[in-house]
Amino acid sequence: MSTSSPEIPKNFDPNEVEDRLYRQWESNGYFHARTDTGSRPFCIVIPPPNVTGVLHIGHALDHGLQDVLARFKRMQGYATLWLPGMDHAGIATQNVVERELRSQGLSRHDLGREKFVERVWEWKHLYGNRIGQQMRRLGASCDWSRERFTMDEGLSRAVRKVFVDLYDEGLIYRGNRIINWCPRCETALSDIEVDHSEHEGRLDRFRYELEDGSSSVTVATTRLETMLGDTAIAVHPADERYAAIVGKWVVHPFSGRRLQIIADDAVDPEFGTGAVKITPAHDLNDFEMAERHGLEKVNILDTKAQVNSEGGSFEGMDRYVAREAIAGKLTELGLYENRSPHSYAIGRCSRCHTIVEPWLSDQWFVKMQPLAEPAIAAVQEHRTRFHPARWTNYYVNWLQSIRDWCISRQLWWGHRIPVWYCDNGHTFACMEDPTACPECATEKIVQDADVLDTWFSSQLWPFSTLGWPEQTEDLKTFYPTSVLVTGYEIIHLWVARMMMSGLRFMDDVPFEWVYVHGIVRDAEGRKMSKSIGNVIDPLELVDQYGADALRFTLIEHATGQDVFLSTEWVSGSRNFVNKMWNAARFALTQGGRAQVGPLPPRDRMELSDRWILSRLARAVTEVTERLDSFEVSVAARAVYEFIWSEFCDWYIEAVKLRLSSDDTQAAEDARSVLVHVLDQAMRLAHPVMPFVTEEIWRMLPIEREEPTIMLSAWPVPEPEWSDTPAEEDFVRIQQAVSALRSFRSEYGIDPKIRLRPLVTSADSDVLEAVSRDAGLICRLAGLDELRAVPSLEGDAGARLLTGGIELLVPLEGLIDLGAERERLAKLVDKANIEIRKIEKKLDNPGFIGKAPQEVVAEQRRRLGEERSKVDKLQVQLEVLNSLPGPGEGPA
RNA sequence: GGGCGUAUAGCUCAGGGGGAGAGCGCUUCCUUGACACGGAAGAGGUCCGAGGUUCAAAUCCUCGUACGCCCACCA
């Protein structure tokens, strides 16, 4: 047997291993999902990252979780598909390419629509696959042969069909309404593309004079410039202050327009002056009021939020320049009254953070309520379930208060709206590009210039990626998908919409489960952002610690709460990876490379073998159950506990003795158990740490049914592995060893001094078991010998009590008697506290009567144990007290 | 204005109706043949507060406090 094996390095080197293994996995087609095996399907579609994006730490968590589930189910024999892909990300991508153009002094208008879109495609082909390459570095087991992009031909067909169907049904309509307008991107935005934040602004007050000159009315506004588009003044119907002037008219000081004073319940008499200026083209409330009262809607801003010709002398000014100019002009006219600080929420474009303007324009909308109702019902009927369940309410509440969705965008990059207008005023939507109007046959037709909101295509992702509207094998096999894994921030943006479209077009929910995870933040709990400069690059962590270490760290902390990532954790995980590596190195260098046979029969097994197999059975059950219920962090910890605290700390130490035994059968049996457990442990750890487990697994001297651990069978415990008596016996050994080590440490006894304690137990079976494994205790606790005796006579030794056994360590002048007395007295105190606690419980008749019998029995057992501990300790104290003082200790 | 989450060891966090846990940090010891990215032994918690349910509450319920997050068209 070789004593060292130079070809296995002491430290695991992830950089050497990861790339090599991943390429093998990919080129051997291990990620490829088959539809012809008859196995049960398991499918996850990736939340498609933006094509402009680079992998950030949030992706690492999201993808890590998906990969854990995919690898787990694949090993369990499911036909597993993890489908990757990317989103064309309309505004974001267009912005990136426009920025690039600008650096060359060009705008998209210089190129024209067609050339610009070509340019974006070029960009996509050049840079669009960065995330795919980065995902490979993390070990993502995606089926790259099925990679999809929302602008692919097939997915575009799906988008078109959905639009046309909804249009024909009347669920898509065109309307002149208030939408959120980004003056920088020059496009409409949906409500959820607007981020709201508190803004320290001001409230301006000014006066409108009544037409008849009799009096005036003062209004308050945070957006003074909108007064250019005022078409009425509103007050509350019950407001006494204004009752006399309701129905009268004021005159606009700049345009001369007449504005009527109207009464409407929507006015809050408590706010400002109780009189509101009404600007229907620039405020949603005002718009609705205008609809009720038939008011004129005057749009005063252009697409860049500059004042248009409706603004008279203010034309051409930016909205904020106009605000000050108007304040000045009103002051000149003596109409301006005052201003006060006022904080309120403003909306910003979620892409470029420009303040959005509520703006009246012609846009396309989807009527949401008829789609939302089935989506609510599906979740209430548990056809789709959320984990954790609390997100159910969030989802339902959002859908219940949903408003129509503005889907048109004034962009060039995206799915063009498949609607045409003819010269004779007809409008139609169709699947194939038309050459003439279907109603009047004129060939003078023009397509709508706008494109669709990016989310219009992403909402179809669970079925468009599987081939819909074609009835493909993939679609039949994998829809509905099994789990959608995502952060909670896009439940409303994306999950709800997929539910609605899936139910409408596939007549079934898109996924059985929605597994919602938290956001990765920095160690202080702040969101990572480029402006704070606290962004952690996952690939730097991979370079430094390895992909397995990063994955383990993120999975271990994926408890449903946000993850406050500290890089120190990653180095801890790296240590764990290395620990596994060295456990394997031990098995191979100390055990040899010859193939092991099957597990030895139980009667040839030692206690430690039966113990580790029993613990393995528990670990397998625990990890499997936890993964099945999405408690991935608990599963990861269970793997960690088993491998480090049980297999490495105890089993490897226990087996060393036998591995080098002269008894070749015993040595071979030990090696067999060692390698088998290692094999199973690697499989358990593989979903979380794919690289190191594969590398180790391939080195193991075992018979393999598959060339890769990826496709090896997920562990299922053999019934005979479970062995409670072995666990109980082994716990006693652990306790004895710990007690002896603790004793030695407490007294600072040199590790080189070999102790020779005596051991006994009131239970003869226990004593027999202990003496059978005395050799193991000696090795682990550094003893010369451990002699089993029927009872411990009152010797001048230190008495250690653990579980069911008693140890007596002869003092032999090693320790201070006074110190030993103190130690024992402390133990007595501690035991007495426990005794009182347990007695109190047992004295309670309610406890005896109502608590389960096992619980009562357990308390009685513990009481007995503590009492006998006190008895024995007191006997020992008396012995010590009867001895001569320090310096006169026994020879 | 609504809704949600979290309060457990110095720090970061798991767990969870019946003996308080991990990692990191700290103290002491150990270069013992897998591993110093390691081993051993320790110190360190009225499990936020107050009520309630229960034989039993750190755990379940209610209220409160603190912090955090999300949603929202108050001019």
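Quick note on labels: first sequence line is chain A, next is B, and so on, each numbered from 1.
- One finds no salt bridge joining A:Glu622 and A:Arg618 here, because no Lys/Arg side-chain nitrogen approaches an Asp/Glu carboxylate oxygen to under 4.0 Å.
- Atom pair A:Ile8:CD1 and B:rC35:C1' shows a separation of 13 Å (rounding to whole Å applied).
- The same atom, C1', is picked in B:rU31 and in B:rC35; the two are 13 Å apart, to the nearest Å.
- A donor-acceptor contact under 3.5 Å links the side chain of A:Arg574 to the base of B:rC37.
- Regarding contacts with the backbone of B:rA75, every side-chain N or O of A:His282 stays at 4.0 angstrom or more from both OP1 and OP2.
- When the P atom is used for both B:rG44 and B:rC37, the distance is 29 Å, rounded to whole Å.
- Between A:His196 and the phosphate of B:rC70, there is no side-chain N or O to OP1/OP2 separation shorter than 4.0 Å.
- For A:Lys10 and B:rA36, the shortest distance from a side-chain N or O to OP1 or OP2 is below 4.0 Å.
- Within 4.0 Å (heavy atoms only), A:Phe576 reaches no atom of the nucleic acid at all.
- We find that CD1 of A:Ile643 is positioned 19 Å from P of B:rA34, with the value rounded to whole Å.
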Cut-off 3.5 Å, no hydrogens considered: what does the side-chain donor-acceptor table look like for residues 846-858 of chain A, sequence neighbours left out?
unit_1	atom_1	unit_2	atom_2	d
A:Glu858	OE1	A:Arg861	NE	3.4
A:Glu858	OE2	A:Arg861	NH2	3.2

Could you write out each protein N or O paired with an N or O of nucleotides 41-46 of chain B at a distance under 3.5 Å?
unit_1	atom_1	unit_2	atom_2	d
B:rA41	O3'	A:Ser742	OG	3.1
B:rA41	O2'	A:Ser745	OG	2.8
B:rG42	OP1	A:Ser742	OG	2.7

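- Looking at which nucleotide of RNA chain B each of A:His492 and A:Cys648 is closest to, the 5′-most match is held by A:Cys648.
- At a threshold of 4.0 angstrom between heavy atoms, the contacts of A:Ile838 with the nucleic acid are absent.
- By the ring pair (Phe, Tyr, Trp, His ring centres under 6.0 Å) test, A:Phe12 is found to be paired with A:Trp581, residues two or more places apart in sequence or in another chain being considered.
- With both ends at atom C1', the span from B:rC71 to B:rC13 equals 28 Å, rounded to whole Å.
- Between the base of B:rA40 and the side chain of A:Glu653 there is no donor-acceptor pair shorter than 3.5 Å.
- Both the sub-6.0 Å distance and the 45° axial angle are satisfied by A:Lys656 relative to the ring of A:Phe586.
- Residues that satisfy the salt bridge (charged side-chain N to carboxylate O under 4.0 Å, His left out) test with A:Arg779, not counting sequence neighbours, are absent from this structure.
- Using a 4.0 Å heavy-atom criterion, one finds that A:Phe564 contacts the sugar-phosphate atoms exclusively.
- Mapping A:Arg390 and A:Trp581 onto RNA chain B by nearest heavy atom places A:Arg390 at the nucleotide closer to the 5' end.
- Residue A:Lys840 places none of its side-chain N or O atoms closer than 4.0 Å to OP1 or OP2 of B:rA56.
- For A:Asn397, the side chain to side chain contact (heavy atoms under 4.5 Å, CB included) partners are A:Asn393, A:Gln400, not counting sequence neighbours.
- Across B:rA7 and B:rC47, the matching C1' atoms stand 10 Å from one another, rounded to whole Å.
- A:Lys579 has its NZ atom 12 Å from the P atom of B:rC37, to the nearest Å.
- Applying the salt bridge (charged side-chain N to carboxylate O under 4.0 Å, His left out) test to A:Lys579 and every residue at least two apart in sequence or in another chain returns nothing.
- Among the protein residues, A:Glu288 comes within range of no part of the nucleic acid, since none of its heavy atoms lies under 4.0 Å from any strand.
- Residue A:Val276 places its side chain closer to B:rA75 than to any other of B:rA75, B:rC35, B:rG16.
- Identified under the side chain to side chain donor-acceptor pair (under 3.5 Å) test for residues 557-570 of chain A, with sequence neighbours left out: A:Tyr488-A:Asp562, A:Arg521-A:Asp562.
- When heavy atoms are screened at a 4.0 angstrom cut-off, A:Asp649 is found touching the sugar-phosphate backbone but no base atom.
- Every salt bridge (charged side-chain N to carboxylate O under 4.0 Å, His left out) that A:Glu646 has, sequence neighbours left out, goes to A:Arg615.
- Look at NE2 on A:His342: it is 8 Å from C1' on B:rC74, rounded to the nearest Å.
- Using a 4.0 Å heavy-atom cutoff across all strands shown, A:Tyr394 reaches sugar-phosphate atoms only and no base atom.
- Per the geometry, CH2 belonging to A:Trp391 stands 9 Å off P belonging to B:rG5, to the nearest Å.
- Contacts of A:Val267 with the nucleic acid, taken as non-hydrogen atoms under 4.0 Å apart, include base atoms.
- In this structure, CD1 of A:Ile519 is placed 15 Å from C1' of B:rU6, rounded to the nearest angstrom.
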**Prompt:** Where each pair must be Watson-Crick or G-U wobble with both distances under 3.5 Å, what dot-bracket representation of RNA chain B is obtained, with crossing pairs in [ ] and other-strand partners as |?
**Reply:** (((((((..((((....[..)))).(((((.......))))).....(((((..]....))))))))))))....
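- Counting to the nearest Å, the C1' atom of B:rG39 and the CG atom of A:Asn582 are 13 Å from each other.
- Residue A:Trp644 places at least one side-chain N or O under 4.0 Å from the OP1 or OP2 atom of B:rG39.
- The side chain of A:Gln590 has B:rG33 as its nearest neighbour among B:rC74, B:rG33, B:rC69.
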**Request:** Under the side-chain contact (heavy atoms from CB on, under 4.5 Å) rule, what do A:Ile555 and A:Ser633 come out as? Steps first, then yes or no, please.
**Result:** CA-CA 6 Å; A:Ile555 300 296; A:Ser633 69; 5.7 Å; no
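- Under 3.5 Å, the side chains of A:Thr279 and A:Arg223 contain no donor-acceptor pair of N or O atoms.
- B:rA57 and B:rG18: their P atoms are spaced 11 Å apart (whole Å).
- Of the candidates B:rA40, B:rC73, B:rC69, the closest approach to any side-chain atom of A:Arg403 belongs to B:rC73.
- Checking the phosphate oxygens (OP1, OP2) of B:rA34, a side-chain nitrogen or oxygen of A:Lys656 falls inside 4.0 Å.
- Every residue meeting the side chain to side chain contact (heavy atoms under 4.5 Å, CB included) condition with A:Val542, not counting sequence neighbours, appears here in chain and number order: A:Glu18, A:Arg137, A:Leu138, A:Ala547, A:Leu550.
- Side chain to side chain, A:His492 and A:Tyr394 meet the donor-acceptor criterion of an N or O pair below 3.5 Å.
- As rounded to whole Å, 12 Å separates atom C1' of B:rC73 from atom CD1 of A:Ile278.
- At a threshold of 4.0 angstrom between heavy atoms, the contacts of A:Asn844 are confined to the sugar-phosphate backbone, with no base atom among them.
- With sequence neighbours left out, A:Lys837 forms a salt bridge (charged side-chain N to carboxylate O under 4.0 Å, His left out) with A:Glu834.
- A:Arg741 forms a cation-pi arrangement with A:Trp650, by the criterion of a distance under 6.0 Å to the ring centre and an angle within 45° of the ring axis.
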**Item:** Heavy-atom protein contacts under 4.0 Å, nucleotides 18-25 of chain B, coded B base, S sugar-phosphate only, - none
**Value:** BB---SS-
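- Taking the side chain of A:Val634 as heavy atoms from C-beta on, and the options B:rA75, B:rG15, B:rA34, the nearest nucleotide is B:rG15.
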